[in-house]
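Here's the structure, in structure tokens; my notes come after.
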Amino acid sequence: MRLYYHPLSSCSRRVLLVARQLGLPLELIQVDLFRGEQNTPAFLQLNPNHQVPVLEDNGHVLWESYAIMQYLAELTPDQSLHAASARERADASRWMFWCAQHLMPPISSLNWENAIKQMAGQGPASAVEVERAEAGFVAAGQILDQHLAGREWICGQQPSLADLAIAAPLADWQQARLPLKEFGEIVRWFGQIQALDCWQQTGHIASVQAD
């Protein structure tokens with residue numbers, strides 16, 4: 001299986017976390033987003049949305065990181081990331097969809113404004129966009145923080161696809177200047193994620209501790 005990815009992509013990161021946790025080997029093909037390789041005709045044959053990651057498995061092409069995560073889990077027998085029961089799977093999917101809709105947009109905006117924008121030579125951060133994204137992150141953070149109170153993991157008694165999906169973009173919390181330390185339960189849970197072998201094996205070891 002081939003994974004077209006970029007090392008700065010949170011969506012690529014969550015797929016790599018799942019692959020490591022499941023012990024699945026992937027041939028990694030880096031797409032240089034800064035040079036616009038996601039806009040080339042060859043890449044658009046894989047993903048017309050101009051985005052990574054893309055999984056290619058023996059002629060089957062799949063984009064959207066959450067779908068790739070589920071696909072890899074369902075390919076793997078006796079795995080624990082994606083539960084057996086319909087109710088438990090739906091619970092994990094609910095949080096993954098929530099992440100895509102409510103958590104990722106403000107994180108992506110803050111990461112762009114506070115870090116990647118300058119790396120790409122697109123000028124300084126927009127104060128208006130930063131303020132709006134921070135408000136969005138705080139609103140989503142409050143929901144997740146309240147949910148994690150009294151829970152070790154987001155769904156069930158062990159890490160699930162939902163945990164890895166939501167944790168992946170938090171690796172950029174420092175460069176994106178996320179107000180993460182306002183949320184004690186998220187900080188506790190994120191520390192558990194960082195202790196997982198799959199997190200350390202992917203090289204994304206951004207630590208955070210409560211004051």
Side-chain angles (χ1 to χ4, degrees), residues 1-5 7 9-28 52-58 60-104 107 140-141 143-173 180 183-209:
M1 289 187 289
R2 295 191 182 107
L3 183 72
Y4 297 82
Y5 84 113
S9 162
S10 295
C11 295
S12 297
R13 180 179 299 143
R14 61 169 58 97
V15 172
L16 291 171
L17 286 169
V18 170
R20 293 293 186 272
Q21 183 74 1
L22 297 173
L24 293 176
L26 295 176
E27 178 187 350
L28 300 180
V52 293
V54 178
L55 183 75
E56 190 175 20
D57 181 17
N58 195 28
H60 176 58
V61 176
L62 187 63
W63 31 265
E64 293 299 328
S65 60
Y66 304 98
I68 297 172
M69 294 171 72
Q70 291 184 342
Y71 179 73
L72 294 179
E74 290 170 3
L75 283 180
T76 308
D78 302 321
Q79 54 80 34
S80 60
L81 281 179
H82 208 29
S85 75
R87 179 174 294 185
E88 290 173 308
R89 286 190 180 211
D91 192 27
S93 294
R94 178 252 303 270
W95 282 102
M96 292 165 70
F97 298 153
W98 173 86
C99 178
Q101 183 70 24
H102 299 284
L103 187 65
M104 279 298 295
I107 290 180
I143 292 171
L144 181 60
D145 202 62
Q146 291 170 8
H147 174 75
L148 285 168
R151 291 182 173 89
E152 187 174 7
W153 305 103
I154 291 176
C155 303
Q157 304 301 313
Q158 55 193 347
S160 70
L161 293 180
D163 292 281
L164 300 184
I166 292 173
L170 295 181
D172 300 322
W173 75 276
L180 189 61
F183 304 105
E185 294 295 337
I186 297 178
V187 168
R188 171 193 58 77
W189 161 83
F190 188 42
Q192 295 175 171
I193 296 289
Q194 293 170 306
L196 296 175
D197 288 343
C198 67
W199 185 273
Q200 300 186 30
Q201 289 169 5
T202 53
H204 303 294
I205 316 174
S207 62
V208 57
Q209 297 180 351

Atom pair CD1/CG of I154 and L164 - distance to nearest 0.5 Å: 9.0 Å
T202 and R20: side chain donor to acceptor below 3.5 Å: no
Heavy-atom side-chain proximity of Q21 to L81 below 4.5 angstrom: yes
Closest approach of C99 to I166 (non-hydrogen atoms, all atoms of both residues): CB-CG1, 3.7 Å
Single hit among W189, W153, W95 for side chain to side chain donor-acceptor pair (under 3.5 Å) with D163: W189
Closest non-hydrogen atom pair between H82 and A73, with its separation: CB-CB, 3.8 Å
Heavy-atom closest pair, residues L148 and R188: O-NH2, 3.0 Å
Side-chain donor or acceptor of R2 paired with backbone N/O of E56 under 3.5 Å: no
Heavy-atom closest contact (M96 atom, A165 atom, distance): CG-CB, 4.0 Å
Qualifying residues under side-chain hydrogen bond (donor to acceptor under 3.5 Å, both in side chains), relative to Q70, sequence neighbours excluded: S93
Partners passing side-chain hydrogen bond (donor to acceptor under 3.5 Å, both in side chains) against D145 (at least two apart in sequence or in another chain): none
Spacing of CG belonging to L72 relative to CG belonging to L55, to within rounding of 0.5 Å: 5.5 Å
Side chain proximity check, D57 to Y71, heavy atoms < 4.5 angstrom: yes
Note, R14 side chain near P169 side chain (heavy atom, < 4.5 Å): yes
Close side-chain approach of I186 and L180, heavy atoms under 4.5 Å: yes
Set of residues satisfying ring pair (Phe, Tyr, Trp, His ring centres under 6.0 Å) with respect to W63, sequence neighbours excluded: none
Beyond-backbone contact of L170 with I193, side-chain heavy atoms, under 4.5 angstrom: no
Any side-chain heavy-atom pair of I107 and S10 under 4.5 Å: no
Rounded distance [0.5 Å steps], CG in L26 versus CG in L3: 5.5 Å
Atom of A92, atom of S160 and distance for their closest heavy-atom approach: CB-OG, 4.4 Å
